[in-house]
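Given the structure is predicted, the values throughout are model-derived calculations rather than measurements. Here is how names work: the chains are called A, B, and so on, in the same order as the sequence lines, proteins then strands, and each is numbered from 1.
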Amino acid sequence: MARALRPLVEGRRIVRCRVIHPIVVSRGSRQSRKLAAAQLEKSLRGMRIRGVERRGKYLILVLERGAVVLHFRFDGQLIWFNSKETSGHVDVAFETGGGTLGFVDPRHLGRVQYVGSPEEVPGIRGLGVDALSKGFTAAHFAELLAASRKPVKILLLDQSKVAGIGNIYSSEALWRARIDPRRPAHRLITVEMRRLHKAIVDVLQRALECCLNPAPNFRDPKWRFQGLERILRVYGREGKSCRRCSQPVRRIEQGGRSTYFCAKCQR
DNA sequence: CCTGCTACCTGATGGC
DNA sequence: TGCCATCAGGTAGCAG
């Protein structure tokens, strides 16, 4: 998202910001939502967008002064349109001279906020090492695993340990590394930790390549990252045969979320 | 401090 | 067709 968005918005000035559904700017009362919405609109008026950054699953529009922090949760997305008319389900519209960026989230679980610095957002301050950064080394990862008794799948989802791995890629990485998602993290042996580390990096990089070509078309109001299914080996394949050993893929619940794995070749 | 559970929202899907 | 239950790529806040 950050890479695709950069050429579209970098250097542009936000002429006006309109909050259409205040629920995405605050989870407080109706009153406090309205207040937060008004403050966001006021803070962004006339502000130039210097750059676009990503931290874990947060997207950040870096402004001349302060920043807009976006989180998409399950369904949030961005679209770009030319008119000022907000068609469809736009929650927040950022109008620039050359077009409007819309934050769209029909379920309203996503968040949009203006901050002086991204570090003010607790979720960002608390992020662990980013899975796509140089700091994510096998050695560091091994230390994290060794320090936790949680099931390894649950640990992978903990953004305060490693930032950027979600429910799909945690299942995918464990399948690639042939590790049972239920195993306590600290019980993995060194070669398994290294295998899992490589699997995480590989699966995220493949997904990234997939998402960048074809690049998302923000002008299509119902665009989605395409072709991700092509790289998925287990996620969502309950009952279908394992791509490695033909055993049926199982779905279990861990921490209230679905995990997919093969009980035969993941040990 | 850590851990596990639930609320937050709405739309799509599948069984009956 | 309509109705109901279930599921969804995530995180914050709470209790223990």
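- When hydrophobic residues (I, L, V, M, F, W, Y) are linked wherever their side-chain heavy atoms come within less than 4.5 Å, the members clustered with A:L127 are A:Y58, A:I60, A:V62, A:V69, A:V115, A:V121, A:I124.
- Other members of the hydrophobic cluster containing A:F261, listed by chain and number, are A:I252; membership follows side-chain contacts under 4.5 Å among ILVMFWY residues, whether direct or relayed.
- For A:F72 and A:F103, the ring centers are positioned less than 6.0 Å apart.
- Residues satisfying the salt bridge (charged side-chain N to carboxylate O under 4.0 Å, His left out) test with A:R13, not counting sequence neighbours, are A:E64.
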Would you list the protein and nucleotides 13-16 of chain B atom pairs, both N or O, that sit under 3.5 Å from each other?
none

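- Members clustered with A:F74: A:L109, by chain and number, using a 4.5 Å side-chain heavy-atom cutoff among hydrophobic residues.
- Checked against side-chain contact (heavy atoms from CB on, under 4.5 Å), A:Q77 has the following partners two or more places apart in sequence or in another chain: A:I79, A:V104, A:W223, A:R224.
- C:dC4 sits 23 Å from B:dC9 when the P atoms are compared, rounded to a whole Å.
- Listed by chain and residue number, nothing satisfies the side-chain hydrogen bond (donor to acceptor under 3.5 Å, both in side chains) test with A:H197 (two or more places apart in sequence, or in another chain).
- Within 4.0 Å of A:F225, counting heavy atoms only, lies no atom of the nucleic acid at all.
- A stem is defined here as three or more consecutive Watson-Crick or G-U pairs, each with both distances under 3.5 Å; for DNA chain C these stems are B:2-8 with C:10-16, B:10-16 with C:2-8.
- Note that SG of A:C17 is 5.0 Å distant from CZ of A:F94, once rounded to the nearest 0.5 Å.
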List the atom pairs, donor and acceptor, that lie under 3.5 Å between side-chain atoms in residues 134-156 of chain A and the rest of the protein, sequence neighbours left out.
residue	atom	partner	partner atom	Å
A:T137	OG1	A:H140	N	3.0
A:S148	OG	A:K150	N	3.1
A:K153	NZ	A:N167	OD1	2.9
A:K153	NZ	A:S258	O	3.3
A:K153	NZ	A:T259	OG1	2.7

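- With respect to the salt-bridge test (charged N to carboxylate O, under 4.0 angstrom), the residues A:R125 and A:E120 do not qualify.
- Heavy-atom distances to DNA chain C give each of A:Y235 and A:V121 a nearest nucleotide, and the one nearer the 5′ end belongs to A:Y235.
- Shown here are the salt bridge (charged side-chain N to carboxylate O under 4.0 Å, His left out) partners of A:R107, two or more places apart in sequence or in another chain: A:D75.
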For nucleotides 2-11 of chain B, which of its nitrogen or oxygen atoms have a protein nitrogen or oxygen under 3.5 Å away, and what is each distance?
residue	atom	partner	partner atom	Å
B:dC9	O2	A:R107	NE	2.6

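- Contact annotation for A:R224: no contact, since no heavy-atom pair falls under 4.0 Å across all strands.
- Chain A approaches DNA chain C over the interval C:dC7 to C:dA12, counting the first and last nucleotide 5' to 3' with an atom under 4.0 Å from its heavy atoms.
- Test A:R54, A:R55, A:K57 against A:D130 for salt bridge (Lys or Arg N to Asp or Glu O under 4.0 Å) and you get one pass: A:R54.
- In this structure, A:R237 contributes its side chain and A:S241 its backbone to a donor-acceptor pair below 3.5 Å.
- Taking the P atoms as reference points, B:dT13 lies 14 Å from C:dG9, given to the whole Å.
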